[in-house]
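Atoms within a ligand are numbered from 1 in the order they appear, just like the ligands themselves.
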Amino acid sequence: MDKKIILREEDMPRFWYNILPDLPTPIKPPLNPETKKPLTAEDLKIFPKAIIEQEMSNQREIPIPEKVREIYSLWRPTPLIRALNLERALNTPAKIYFKNESVSPAGSHKPNTAVAQAYYNKMEGVKTLTTETGAGQWGSALALAGSLLGINVRVYMVKVSYEQKPFRKSMIHLWGAEIYPSPSDKTEIGRKILKENPNNPGSLGLAISEAIEDAVTHENTKYALGSVLNHVLLHQTVIGLEAKKQFELIGDYPDVIFAPCGGGSNLGGIALPFMRDKINGKDVRIVAVEPASCPTLTKGIFTYDYADVAKMTPLLYMYTLGHNFMPPSIHAGGLRYHGDSPILSQLRKDGLLDAVAYNQTEVFEAGMLFAKTEGIIPAPETCHAIKAVIDEALRAKEEGKEKTILFCFSGHGHFDMASYDLYLSGKMKDYEYPEEKVKEALEYLPKI
Ligand SMILES: *Cc1c(COP(=O)(O)O)cnc(C)c1O
């Protein structure tokens, strides 16, 4: 039995999988935030044409451009690894496999879409891409893609993270991108906020607003988003398509799949190719794992809402905690988002996607056990999936069942060591999201 299941480079997928034509219930269209009418091509000008097409495409298989496959080959195919040491530590009959996306140069799954997005922009003559980043994973992935494809990248990073996480900022600089703490003096909205309060710590929603304003006010400049939208999940399906081939090689198939869920891109990436089988009757459980402090799929409601605080983005039909919901500053920065992918939201509504939520101290405890047994230090986001996997493996032991479990190892935690220090010192706190806060935030939903 092999520890790692490795594909040859020529077995890397040549197509991404687009689930839109296979969804049992079609997703509702995004709406213009002012007119509340379905978006027009004009509304989407901040993206290149190829991306807009993919966002609404009904084509099941979309070819991965040769240049993108060439760049993917720097780290893809990623290994599927059997977590044998973790299985032994848990004394479980379950087989635990993880798809290791932490081997990318930026340390997470995010370059899978960053490279594709930078490529399509480059092909359409775009010179500069703007984006926002919270903890810096997305900003560093796009900076990497920009440097490999010869396109400028300008990143607006939430100011508190900019100050607390200096190393991701360094990576962004090293790959040749510009980075500014948000609120910044580069945009109208940034200057306005700074005038009101020079010490404003910033937020992801505000950084999105700055990046979009920058894109619409500059020539040859477009905007890139790292999660939530259909084209982002599409690009990430390379993860699940590889995993399926790897399971074929060993003659196995997962009974249950887990992934941490922020906006839903790594979950969609690993799970949608298997979801296709599930829609066609296959028995596989797919589970989103989220923080108890930001429980979008477990406690949110399914409705139209803005994707950002400044209400500049289109309205998406999704599970939401309200666009003005301010999640507590937990250490899994990548999971602090009020909404979720419209595709995953619809699948959740239709009962095809399960969701569970955990508190951060139990999640870090699970991450520590993983690091001590399998060696790799997981990102705090990834620790969420690991906690759910451990619980599933222990249930399998109680029931005496030999289950096959798969999860997405979305990233490593090398730049999150301050969070591990806090956990180890016993000072980390849990924040359960209070039910009355849900009601409060939901009062501000747009009226359609
Ligand atoms: C960004 C990130 C996530 C969450 O984002 P999704 O779009 O939900 O995948 C999870 N894990 C890591 C390591 C990340 O960087």
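Looking at Gly411 next to ligand 1, no N or O pair under 3.5 Å apart turns up. Checked by distance only, ligand 1 and Asn266 come closer than 3.5 Å through their nitrogen or oxygen atoms. Between Ala379 and ligand 1, not a single N/O pair is under 3.5 Å apart. Checked by distance only, ligand 1 and Gly263 come closer than 3.5 Å through their nitrogen or oxygen atoms.
Distances shorter than 4.0 angstrom occur between a heavy atom of His109 and an atom of ligand 1.
Protein heavy atom in closest approach to atom 7 (O) of ligand 1: Ser227 OG, 2.5 Å. Nearest protein heavy-atom contact of atom 10 (C) of ligand 1 is Glu381 CB, 3.5 Å. Scanning the protein heavy atoms around atom 12 (C) of ligand 1, the nearest turns out to be Ser410 OG, 3.5 Å. Atom 5 (O) of ligand 1 has as its closest protein heavy atom Gly334 O, 3.9 Å. Lys110 NZ, 1.4 Å is the protein heavy atom nearest to atom 1 (C) of ligand 1.
Against a heavy-atom cut-off of under 4.0 Å, Ser265 is close to the following atoms of ligand 1: 6 (P), 7 (O), 8 (O), 9 (O). Near Cys261, meaning under 4.0 Å from one of its heavy atoms, ligand 1 places the atoms 8 (O).
Side-chain atoms of Gln360 come within 3.5 Å of backbone N or O of His331 as a donor-acceptor pair.
Salt-bridge annotation for Lys169 and Glu163: absent, with no side-chain N of the basic residue lying under 4.0 Å from a carboxylate O of the acidic one. Between Asp214 and Lys186, no side-chain nitrogen of the basic residue sits less than 4.0 Å from a carboxylate oxygen of the acidic one, so the salt-bridge criterion is not met. A salt bridge between Lys244 and Asp277 is present, with a side-chain N of the basic residue lying under 4.0 Å from a carboxylate O of the acidic one. Under the 4.0 Å criterion applied to side-chain N and carboxylate O atoms, Glu248 and Lys245 are not assigned as salt-bridge partners.
Looking at Ala135, Gly262, Ala259 and measuring to atom 8 (O) of ligand 1, the nearest heavy atom belongs to Gly262.
Between Tyr253 and Phe274, the angle of the ring planes goes over 60°, which puts this pair in the perpendicular group of the 30/60° scheme. Taking the six-membered ring where the residue is Trp, Phe302 and Tyr319 present parallel rings, their angle staying beneath 30° rather than reaching 60°. A perpendicular orientation is assigned to the rings of Phe247 and Tyr97, their planes being inclined by more than 60° (bins at 30° and 60°).
Within the 4.0 Å heavy-atom criterion, the part of Leu335 lying near ligand 1 is the side chain and not the backbone.
In this structure, the ring of Tyr180 has its center no less than 6.0 angstrom from the ring center of Tyr162.
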